[in-house]
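A short worksheet on the structure shown next.
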Amino acid sequence: MHYNPENIEPKWRQHWSEIKLYKVDNKTSKPKYYVLDMFPYPSGAGLHVGHPLGYIASDIFSRYKRLKGFNVLHPMGYDAFGLPAEQYAIQTGVHPSKSTDENISRYRSQLDNIGFSFDWDREVKTSDPTYYKWTQWIFLQLYHHYYDLTQNKAVAIQDLIEEFEKNGNTLIQSANSQESVFSATEWKNMSPKKKDDILMNYRLAYRKTGYVNWCEALGTVLANDEVKDGLSERGGYPVEKKAMMQWSLRITAYAERLLNDLDTLQWTDALKSMQRNWIGRSEGAQLFFEIEGHDAKIEIFTTRPDTIFGATYMVLAPEHDLVSAITSADQRDAVLHYVEYVSSRSDIDRMAEVKEVSGVFTGAYAINPFTNKKIPVWLGEYVLKDYGTGAIMAVPSDDERDQVFATKFGLEIIDVVDKSEYPGATLHDKTGKMINSHFLNGMEVKDAIQLMNDKIQTMGIGAKKINYKLRDANYSRQRYWGEPFPIAYDKDEVAHALSADELPLQLPDLENFQPASGGKSPLARAQNWVHQIEGMELETDTMPGFAGSSWYFLRYMDAGNDHAFASAEAIGYWQDVDLYVGGTEHAVGHLMYSRCWHKFLYDLGLVPTIEPFKKLINQGMITAYGYYAEYLKFGHEDRDAMMVGNSKDVNTDTLNDEGINFTGVGSPMRLAYVYDYLDGQNRLTKEKFVEYHNAIGKNFNVIGDTSKYFWVKDDNGEEYFTVNVVQEKMSKSKHNVQNPDEVVSKYGADCFRMYEMFLGPIEQSKPWDTKGIDGVNRFLRKYWSLFYSDKDWSITDSTPSAEENKILHTTIRKVTEDIERFSFNTCVSAFMMCVNELKRLECNKRKILEPLNVLLAPFAPFITEELWQLLGHNTSVHLATYPEFDAAFLIQDTVEYPVCVNGKKRDTVHISSQLSQNEIQELALTMDNVKKYVEGKEVQKVIVVPGRMINLVVKE
RNA sequence: GCCGAAGUGGUGGAAUUGGUAGACACGCUGGACUCAAAAUCCAGUGCUAGCAAUAGUGUGCGGGUUCGAGUCCCGCCUUCGGUACCA
């Protein structure tokens with residue numbers, strides 16, 4: 001019998017599903033282990049070969065843990081709310097729930113095909129009302145709580161109201177955005193609207209003004225993703241920042257805990273440092289500057305109060321609240337113009353721009369509280385509204401960006417730190433001696449900072465403060481396909497929460513998914529839905545993508561529960577995620593939000609752990625090759641202005657002779673599926689281009705008219721242009737999605753699984769290529785042939801030789817170690833070496849092959865199950881016991897040593913492992929090849945690394 | 001710009017703690033089997049020179065530490081991910 005996955009795999013797939021082999025119980029005496037994959041967004045392109053990379057790794061680990069005797073929770077579900085389904089609905093009229101369900105069923109069949117050990121009874125779908133009921137419920141808890149800094153946890157808003165009734169807000173220590181102070185009496189006399197406004201400033205889920213990308217021409221709010229260079233990606237219309245009342249989550253209340261608890265996690269240092277930098281804690285001083293002729297003060301935050309004598313101007317973010325109030329009449333036009341310009345710029349553009357700074361003078365002057373000098377107040381796009389206070393004191397002598405700004409606009413620069421005693425120190429280093437700074441002169445920077453902090457406090461112009469780069473999360477989206485807020489507003493715009501028994505608040509059915517007028521969510525079109533509560537209007541915005549994904553790992557513990565997001569018993573048993581596998585693209589966003597929600601639920605006593613994900617592995621992306629031809633621009637009346645070719649090929653001298661100017665490069669043109677038409681140097685010849693265009697290119701908007709292209713002639717007179725090959729994300733729009741089904745139908749799921757692992761380290765990104773898959777396929781057939789010689793079953797019960805045992809136990813050790821460190825590619829190599837060697841020995845012994853079969857089962861679940869049954873078992877190999885490693889089989893009596901002279905290998909020698917270092921040394925010196933290099937020279941030193949190598953240090 | 005990661009043969013990659021660079025595969029070359037092909041098996045394969053033994057050289061670039069550096073340090077380059085409304 002020959003290995004034939006087409007026969008084996010469907011049979012076991014069906015059998016395992018029938019007997020619910022992977023069903024997991026919440027009650028068992030076994031130790032628990034929770035392995036989680038980041039759940040996918042079910043896109044219309046289907047699952048591509050990149051998705052399963054992490055799933056296969058986690059599946060191998062889950063199966064390994066099961067064989068080791070753990071009760072393993074390994075679930076899967078769908079992050080089903082999202083923008084693409086809504087856009088598809090706008091284009092086609094197909095309801096997002098319908099397209100999402102279709103995509104999900106496709107994903108499901110693709111996942112099933114690969115043989116994962118998911119317990120599908122625990123599947124979750126974030127867009128399911130039985131799921132988002134609990135997303136809404138958690139939102140309500142956030143709404144009903146504030147963060148108490150004395151207890152350092154979330155506390156019920158009711159307690160806060162009682163405190164206000166007793167003391168106003170004079171005593172309470174909390175995370176808030178309330179600016180004014182009020183007494184108990186004042187509180188009691190406030191209108192319900194006023195009370196609601198104040199409570200909003202304390203709630204963990206609260207409303208404030210936020211900025212969105214507004215596209216007037218499309219009448220809609222755009223995601224950052226949909227904006228390119230200040231224009232909408234669709235249509236190329238102008239986009240500007242627009243202020244809107246938005247829900248926010250007060251994640252900043254948890255900043256300190258999010259930072260400190262990173263230390264308890266087994267995550268990579270890279271990931272932790274990304275999170276630390278994202279939180280961006282800095283200690284400094286809050287400081288108020290008076291403005292000449294105005295009552296308002298400018299609040300700034302600085303980590304360098306010591307440099308205040310060098311603060312020669314101030315910069316406000318163009319969106320700063322004070323801008324319109326302080327702008328002088330003669331600067332008004334310039335300021336308005338500048339604010340309009342900046343509103344078209346993304347935060348990334350604003351931060352990334354270093355060469356060309358921009359700014360405008362407001363006409364106002366602030367007073368430097370220490371020099372009492374008038375300093376001009378400018379606007380600059382490099383100051384962001386949401387970072388710090390949205391205003392800075394600029395010290396051009398000690399900050400690079402301030403320096404560039406001051407130089408450009410001719411602003412005064414005063415040196416305040418002398419770094420001459422610290423050669424090599426940069427502006428970023430907090431070192432040096434203070435100069436030109438009155439009472440600070442001669443002090444070290446560190447001491448000066450401390451002194452200034454105290455001084456600011458005693459002068460009453462500010463205070464020591466800790467600032468975080470982390471910002472409160474914007475939680476509103478003007479979209480249809482997301483969780484509705486369980487919030488209704490009365491006629492005074494006072495927010496009222498729905499009660500828990502009114503949940504889920506379901507999405508209304510719609511036929512038109514276009515945004516409603518004024519950039520409102522499509523929900524505003526469902527007027528009956530909006531007004532379903534007498535005298536109230538429901539919130540029409542929906543929650544963002546991260547809402548449902550911030551707690552889904554808890555739902556898997558008890559997926560069907562209708563009384564709680566999960567029962568206390570289930571959560572008590574499963575506790576937290578032991579191993580989380582997912583992409584680095586989620587390194588900050590999703591992981592930060594999940595950690596925050598988890599800590600909030602911890603404060604409420606609903607989860608027992610302070611962190612949700614103990615250990616985390618980042619899987620790399622599988623990318624695809626993309627092929628591009630550059631658009632070249634020419635200036636010549638006889639030719640079209642745009643041609644396609646490659647700027648590398650353009651000889652500008654020749655062009656100029658012909659009277660054609662090469663004027664630059666436009667955005668490149670994608671040549672989908674062009675691979676088969678390229679030659680070895682990635683050149684596309686004119687002849688091949690025509691073939692390509694007729695067969696494929698014309699379907700992908702590739703221009704067919706060859707005269708529009710810039711052709712280069714090679715020595716043989718062949719005309720061509722060069723195609724650039726790049727690695728890029730797989731996506732439907734790029735037509736580069738590789739479907740795993742195709743690979744599975746050709747080679748089988750076992751082969752697909754092992755090949756994905758064989759491609760390389762799990763955490764590395766790599767392009768998809770099936771070039772090497774034959775090697776894995778050969779391995780599986782070779783493995784099968786150990787059990788079958790030709791047609792006949794050949795397993796015997798005879799006793800294994802020492803060599804056979806050594807091969808087996810070497811493999812057990814290697815594979816086990818490598819699974820534990822998530823190095824699955826080297827596991828596959830180890831299996832290959834093992835099978836190569838057993839094949840060489842014609843080994844067909846049960847005592848070797850049976851344990852090997854269990855060892856291989858997590859990687860190749862189908863072939864091992866088939867062979868397990870043929871070996872005479874009547875329960876699944878996946879319920880077997882992991883083979884034990886026995887070191888006794890690996891004892892070696894000789895060791896092979898490389899012998900090096902001055903670090904270069906000159907010979908190797910086999911030495912008994914019993915020999916002493918001295919004996920080894922003497923032996924090495926007698927070797928012919930060594931003598932050659934040592935002769936006539938002085939041997940200064942002999943280094944023997946036991947079991948590793950011998951090095952002779954020789955001097956001329 | 002800022003934060004994080006990666007860069008090793010023609011290709012994917014291995015080298016776990018500073019100790020034989022290129023394991024395991026793909027591809028390629030030659031051979032066996034075959035009427036032929038597929039499959040399978042055997043041998044070779046970093047680069048340069050040489051019939052060969054062998055020598056030199058070699059882990060993105062430039063320096064450094066060390067008996068010894070792919071691995072550690074300093075300075076760069078390129079690519080990828082994130083940058084707060086893609087998921």
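Numbered from 1 within each chain, the chains take letters A, B, ... in sequence-line order. Everything numeric in this text was worked out from a predicted model, so none of it was measured.
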For B/rU83 and A/N277 - does any side-chain N or O of the residue sit under 4.0 Å from the phosphate oxygens OP1/OP2?
no
A/D79 and A/S549: side chain donor to acceptor below 3.5 Å
no
A/L759 CG to B/rG12 C1', in whole Å, measures 7 Å
Of all heavy-atom pairs linking A/L470 and A/A255, the shortest is CD2-CB, 4.0 Å
Does the B/rC86 base have a donor-acceptor partner in the side chain of A/E585 within less than 3.5 Å?
no
A/N836 CG to B/rC24 P, straight-line distance once rounded to whole Å
8 Å
Whole angstrom value for the distance that separates C1' of B/rC24 from CZ of A/R840:
16 Å
If you assign A/G760 and A/F39 each to the RNA chain B nucleotide with the nearest heavy atom, which residue ends up on the more 5' nucleotide?
A/G760
Do A/Q619 and A/I762 have side-chain heavy atoms sitting under 4.5 Å apart?
yes
Pick base, sugar-phosphate or nothing for A/E86, based on heavy-atom distances below 4.0 Å to the nucleic acid.
nothing
Atom CH2 of A/W481 and atom P of B/rC85: how far apart are they, to the nearest Å?
21 Å
Starting at atom CE of A/M833, determine the distance to atom C1' of B/rA15, rounded to an integer number of angstrom.
11 Å
B/rU16, OP1 or OP2 - any side-chain N/O from A/R821 closer than 4.0 Å?
no
Between A/R778 and B/rU40, does any side-chain N or O lie under 4.0 Å from OP1 or OP2?
yes
Quick one: label A/V221 by what it contacts on the DNA or RNA (base, sugar-phosphate, nothing), any heavy atom closer than 4.0 Å.
base
Using only side-chain N and O atoms of A/K766, determine if any of them is under 4.0 Å from OP1 or OP2 of B/rG81.
no
Determine: side-chain N/O of A/Q478 to OP1/OP2 of B/rC85, distance under 4.0 Å, yes or no.
no
Under 3.5 Å, is there an N or O donor on one side and an acceptor on the other linking the side chain of A/K814 and the base of B/rU16?
yes
Is any side-chain nitrogen or oxygen of A/R781 closer than 4.0 Å to OP1 or OP2 of B/rU40?
yes
B/rG12 phosphate, OP1 or OP2, under 4.0 Å from A/N825 side-chain N/O
no
